[in-house]
Amino acid sequence: MLKNLIFINAEDLDKPIYRIFSFQRLESIFIDRQLTLVKPSLWDDPFENFILGAQGTLNDGTTFNTGFRNHYYGQCWSRTRESDAMWRIYSPEKNGVKVKTTIRKLFRPLFQKGGSFRTLHNDEYNLSSFVGKVKYQSQKSLTEMLKDSSRMNGKVMDQSGWGQASSFYFKRLAFKHENEVRLIYRDTGNLHDFFNFEVDPHNLFDEIVLDPRMATSEVQRIKTQLLNWGYEKKVIQSGLYKVRAFNINLSI
């Protein structure tokens with residue numbers, strides 16, 4: 001599995017990561033027991049997948065486009081435990097829930113979906129499933145990458161799949177606050193915009209945190225619903241906007 005890690009190592013696998021869902025989406029995960037990856041072309045940033053989306057040029061001047069760029073699906077998580085920006089961006093209706101897991105727990109079922117092969121040294125790997133940390137660089141640095149023919153050959157022509165997948169792990173500095181970890185999966189037989197894989201939410205989610213702006217009645221309703229689903233781990237409301245009373249000492 002280590003050969004399917006991008007810009008992370010084995011020590012990172014048990015570190016926590018987070019993602020904010022709407023409660024309706026969380027409900028479907030518990031009922032359907034699936035996570036959904038989407039084509040990167042549906043992500044908000046038009047600069048995503050700029051490498052595989054670029055037009056290539058061969059030595060004889062022939063131009064081409066990489067036909068496999070639409071075979072990839074992804075999902076974004078964050079290494080940041082909590083931030084005001086993330087709640088406001090991903091929970092605009094104030095009904096979001098933030099789940100906590102680890103890279104290993106998240107990636108294992110996707111890796112198993114991609115099959116398993118063995119190297120001569122008995123290392124497990126496959127050609128479809130990848131997870132890693134996003135690198136944030138200036139737009140100038142990113143576009144300069146396209147001029148490095150050796151580096152681009154390594155990404156576009158890599159037979160292991162790692163090179164093509166790694167092209168999804170570069171993003172502009174303006175998005176650095178997202179501190180992303182990404183799942184990437186290649187499925188050549190899927191004609192749809194979405195790709196689903198099975199998970200056990202009771203095992204996957206180590207903690208569920210509710211939007212700090214959520215009404216108390218809604219907090220209680222969701223806690224009750226999660227209990228009815230059999231979820232036994234911690235469920236709390238974020239205290240991001242709860243400020244305790246302070247005393248000022250003016251004694252002389």
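Residue numbers run from 1 in the order of the sequence given. The basis for the numbers below is simple: all heavy atoms, side chains too, and nothing from hydrogens, waters or symmetry mates.
- With hydrogens and angles left out, the side-chain atoms of Ser78 and Glu178 include no donor and acceptor closer than 3.5 Å.
- Side-chain atoms of Ser238 do not come within 3.5 Å of backbone N or O of Pro212 as any donor-acceptor pair.
- For the residue pair Asn95/Ser22, the side-chain donor-acceptor check at 3.5 Å is not satisfied.
- Val199 and Trp77 fall within the same hydrophobic cluster, defined by Ile, Leu, Val, Met, Phe, Trp and Tyr side-chain heavy atoms under 4.5 Å apart, directly or through other members.
- Side-chain contact annotation: Asp187 with Tyr72, donor-acceptor N/O pair under 3.5 Å absent.
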Exercise. Taking it one step at a time, do Glu207 and Tyr18 satisfy side-chain hydrogen bond (donor to acceptor under 3.5 Å, both in side chains)?
Worked result: CA-CA 10 Å; Glu207 179 184 82; Tyr18 309 87; over 6 Å; no
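- Proximity of a side-chain donor or acceptor of Asp12 to a complementary backbone N or O of Ile103 within less than 3.5 Å is not detected.
- Atom CD of Gln24 is surrounded by more than 12 heavy atoms from other residues, nucleotides or ligands within 6.0 Å.
- Side chain of Glu82 to main chain of Leu240: no donor-acceptor pair is present (N/O by atom type, distance under 3.5 Å, no hydrogens or angles).
- Residues Ile29 and Leu110 fall within the same hydrophobic cluster, defined by Ile, Leu, Val, Met, Phe, Trp and Tyr side chains chained together at heavy-atom separations under 4.5 Å.
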Exercise. Could you walk me through whether Ser28 and Arg25 pass the side-chain hydrogen bond (donor to acceptor under 3.5 Å, both in side chains) check?
Worked result: CA-CA 5 Å; Ser28 69; Arg25 181 70 191 112; 2.3 Å; yes
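- Relative ring orientation between Phe205 and Phe30 is described as tilted, the plane-to-plane angle lying within the 30° to 60° band.
- The backbone N or O of Ser129 lies less than 3.5 Å from a partner atom in the side chain of Asn4, making a donor-acceptor pair.
- You'll find the ring centres of Phe130 and Phe7 outside the 6.0 Å limit.
- Judged by distance alone, with hydrogens and angles left aside, the side-chain atoms of Asn190 form a donor-acceptor pair with the main-chain N or O of Phe194 at under 3.5 Å.
- Within a 6.0 Å sphere centred on NZ of Lys233, heavy atoms belonging to other residues, nucleotides or ligands number more than 12.
- At distances below 3.5 Å, at least one donor-acceptor pair connects side-chain atoms of Thr143 with backbone N or O atoms of Lys140.
- Annotation: Arg81, atom CZ; neighbour count of heavy atoms from other residues, nucleotides and ligands within 6.0 Å does not exceed 12.
- Leu106 and Val134 are members of different hydrophobic clusters when ILVMFWY side chains are connected at heavy-atom separations under 4.5 Å.
- Using modelled atom types and a 3.5 Å distance limit, the side chains of Ser141 and Ser138 yield a donor-acceptor pair.
- A distance-only check finds no donor-acceptor pair linking the side chain of Arg19 to the backbone of Val99 [under 3.5 Å].
- Side-chain contact between Arg186 and Asn126 is absent, with no heavy-atom pair separated by less than 4.5 Å.
- Side-chain atoms of Gln237 come within 3.5 Å of backbone atoms of Asp211 as a donor-acceptor pair (strictly under, hydrogens ignored).
- With Thr119 contributing its side chain and Asp123 its backbone, the two residues share a donor-acceptor pair below 3.5 Å.
- Counting only heavy atoms from C-beta outward, the side chains of Glu27 and Trp229 approach each other to under 4.5 Å.
- Taking 4.5 Å as the limit, every side-chain heavy atom of Tyr136 sits out of range of all side-chain heavy atoms of Phe170.
- Hydrophobic clustering (ILVMFWY, side-chain heavy atoms < 4.5 Å, transitive): Tyr185 and Phe197 are in one cluster.
- Asp200 places a side-chain N or O within 3.5 Å of a backbone atom of His202 that can act as its donor or acceptor partner.
- Linking Ile, Leu, Val, Met, Phe, Trp and Tyr whenever their side-chain heavy atoms come within less than 4.5 Å puts Met214 and Phe21 in one cluster.
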